[in-house]
Number of protein chains: 2
Amino acid sequence: MKCVSCKEDYSSRDAGTCRECYEEASETEEELKREIEDLKAKVNFLRFWAPSDPLHHLHQQQRTAPFFSDVVLVASHDESGNSTPHPVPVPANRAVLASRSPVFRAMLENEMEESLSGTIKISDVSYDALRAFVTYLYTADACLDELMACDLLVLAEKYQVKHLKTYCEKFLISKLNWENSLPNYAFAHQHNAKKLIDAALSLIMENMDKLSKREEYKELVDKDPRLVVEIYEAYLSRQVNTAVHKDSVAKA
Amino acid sequence: MKCVSCKEDYSSRDAGTCRECYEEASETEEELKREIEDLKAKVNFLRFWAPSDPLHHLHQQQRTAPFFSDVVLVASHDESGNSTPHPVPVPANRAVLASRSPVFRAMLENEMEESLSGTIKISDVSYDALRAFVTYLYTADACLDELMACDLLVLAEKYQVKHLKTYCEKFLISKLNWENSLPNYAFAHQHNAKKLIDAALSLIMENMDKLSKREEYKELVDKDPRLVVEIYEAYLSRQVNTAVHKDSVAKA
């Protein structure tokens, strides 16, 4: 028999679908692809040009950004904890900030200092991370590396921008390996990133024999021993579950 | 043989794919579905709450709308062409309007009357259509019937909101039938809606024998005979193409 899809011959032992189901599946795929095109067009329509986007200078729209900005964000400290003497403000629009973050909304809709002065100070963040944060609020896009994903996750947690937090978590999970699993586990705990906690934890549990030899392990025992306890508890609980499962399979 | 998908028996004559291709196709479908979920989440993130949305009153965010509105749109005439003595203003935000429409952008970034006064007059539109228009600019969503789709298509053309124009065209094409094909054809021509022109034209050409008996046909001949000429030209050109095609098939 010949496969309708790959055109190769196959024996009836390796048969997949009947022709009717193949045709239905092809139609479904076409429909899904059309839906994706529609959604992409919607995303492009809803996306704002970002006033702080470096690419933005290439755009004709660039000239309009200062006009519609009615608030600036300022990185009030650099990452080393020192005050930046003349921080570069990142221009933004109140309506955009308020629509993306309930924290900004509360800040801007009440007559708080930030609302009256038109300046929002963001502490413990680099200028680059702040600019990337504002760009994400405008466009739902960010150019991530691991450091930037961590910085943005912290901001997303602080300003309750769930979509960005999920985006950073997914990126960090995709970059997980045995080397970085322990720092990621600690970081995720600190910022309440549950999916990253689970992914890092499961990687750590696969390498329990090597765990206690790691430098980061010793540091974590000193700094936050409860997190280490959680690793052992999770490991034990998995062992018990596996034993119970094996037992019930053996009995069945 | 048994189909992996529908579990029904089938003969080798009705074979579709081999098992490998079936599995690949299933994976592709899963991937496409995940992409759709991601895009939907992105759309929801980028969507603004709409200050003029009636549902909006149910939202907690409703209270913030007047705060972040810095411009109002006013339907300066109702549809019957009479001046409305006290039109209800639709509040909006300059940055949103400017990001969605190059016409609003030009209006608001220069010191034009609308920008200085903070009031944009929109002529020949009902309050309901204006409200739906602004809601669309915020959310990329509209609740359409045929009348609303026409009203919004006119606004989309006037303010160069391509995404909305495509949306309305698709809706009107989905509602096309022999009864409304001629008025839609004329309307589409008036507002430069090419896809709607093509769809209406192809429906009209399928019913050429009945065309000249229609009341709308006689009206169109009086009002804009060039559009009627275009119908006949398209019909003739199709007939010639069909004849050439038949000829080449017969020779082959």
Side-chain angles (χ1 to χ4, degrees), chain A residues 1-6 8-26 28-29 32-33 35-36 38-49 61 63-64 67-70 93-96 98-100 105 108-109 115 138-141 161-164 166, chain B residues 1-6 8-26 28-29 32-33 35-36 38-49 61 63-64 67-70 93-96 98-100 105 108-109 115 138-141 161-164 166:
Chain A
M1 281 176 298
K2 209 183 251 313
C3 172
V4 179
S5 178
C6 67
E8 298 284 320
D9 285 325
Y10 65 94
S11 73
S12 62
R13 197 179 59 238
D14 294 324
T17 64
C18 64
R19 188 175 294 266
E20 208 174 313
C21 282
Y22 165 72
E23 276 159 13
E24 252 174 46
S26 305
T28 308
E29 198 180 315
L32 293 174
K33 282 182 181 167
E35 195 176 346
I36 287 175
D38 284 352
L39 283 166
K40 280 184 180 168
K42 219 173 205 179
V43 165
N44 275 335
F45 173 71
L46 287 169
R47 192 170 266 166
F48 263 76
W49 71 87
Q61 297 141 324
R63 286 172 291 115
T64 74
F67 187 91
F68 296 114
S69 300
D70 52 11
N93 181 277
R94 287 168 195 248
V96 177
S99 109
R100 307 297 193 237
R105 186 155 67 233
L108 292 168
E109 74 180 344
S115 179
Y138 275 74
T139 62
D141 252 341
V161 185
K162 274 187 204 164
H163 191 263
L164 175 58
T166 307
Chain B
M1 282 176 298
K2 208 183 251 313
C3 172
V4 179
S5 176
C6 66
E8 298 282 322
D9 285 324
Y10 66 95
S11 73
S12 62
R13 196 180 58 237
D14 293 324
T17 64
C18 64
R19 189 176 292 265
E20 207 175 314
C21 282
Y22 165 72
E23 276 159 13
E24 253 174 47
S26 306
T28 307
E29 197 178 318
L32 293 174
K33 281 180 181 166
E35 192 175 347
I36 287 175
D38 284 352
L39 283 166
K40 280 184 180 168
K42 218 173 208 180
V43 165
N44 275 334
F45 172 71
L46 287 169
R47 194 171 263 165
F48 263 76
W49 71 86
Q61 297 141 325
R63 287 173 290 115
T64 74
F67 186 91
F68 295 114
S69 299
D70 52 12
N93 180 278
R94 287 168 196 248
V96 178
S99 108
R100 307 298 193 236
R105 187 155 66 232
L108 292 168
E109 75 180 343
S115 179
Y138 275 72
T139 62
D141 252 341
V161 186
K162 275 187 204 166
H163 191 263
L164 175 58
T166 308

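Letters A, B, ... mirror the listed sequences (proteins, then strands); counts begin at 1.
- No side-chain heavy atom of A:Arg94 sits under 4.5 Å from any side-chain heavy atom of B:Asn93.
- With a threshold of 4.5 angstrom between heavy atoms, B:Cys21 approaches chain A through side-chain atoms but not through N, CA, C or O.
- Contact of B:Thr17 with chain A is made through backbone and side chain together, with heavy-atom distances under 4.5 Å.
- Comparing A:Cys18, A:Cys3, A:Cys6 by how many heavy-atom pairs each has under 4.5 Å with chain B, the most go to A:Cys18.
- Proximity to chain A is absent for every atom of B:Lys162, based on heavy atoms less than 4.5 angstrom apart.
- Between the OH atom of A:Tyr22 and the OG atom of B:Ser5 there is a distance of 13.5 Å, given to the nearest 0.5 Å.
- For the pairing with B:Lys40, the side chain to side chain contact (heavy atoms under 4.5 Å, CB included) check across B:Ile36, B:Val43, B:Asp38 returns one residue only, B:Ile36.
- Contact annotation for A:Thr28: only side-chain heavy atoms (C-beta onward) come within less than 4.5 Å of a heavy atom of chain B.
- Proximity of A:Asp9 to A:Met1: side-chain heavy atoms (C-beta onward) are nowhere separated by under 4.5 Å.
- The parts of B:Phe45 that come within reach of chain A are both its backbone and its side chain, each placing non-hydrogen atoms under 4.5 angstrom from that chain.
- Heavy-atom distances place the side chain of B:Val161, and not its backbone, under 4.5 Å from chain A.
- Every residue two or more places apart in sequence or in another chain that forms a side chain to side chain contact (heavy atoms under 4.5 Å, CB included) with A:Asp141 is listed here: A:Arg47, A:Thr139, A:Tyr167, B:Lys42.
- Salt bridge B:Glu24/B:Arg19: absent, no basic N to carboxylate O contact under 4.0 Å.
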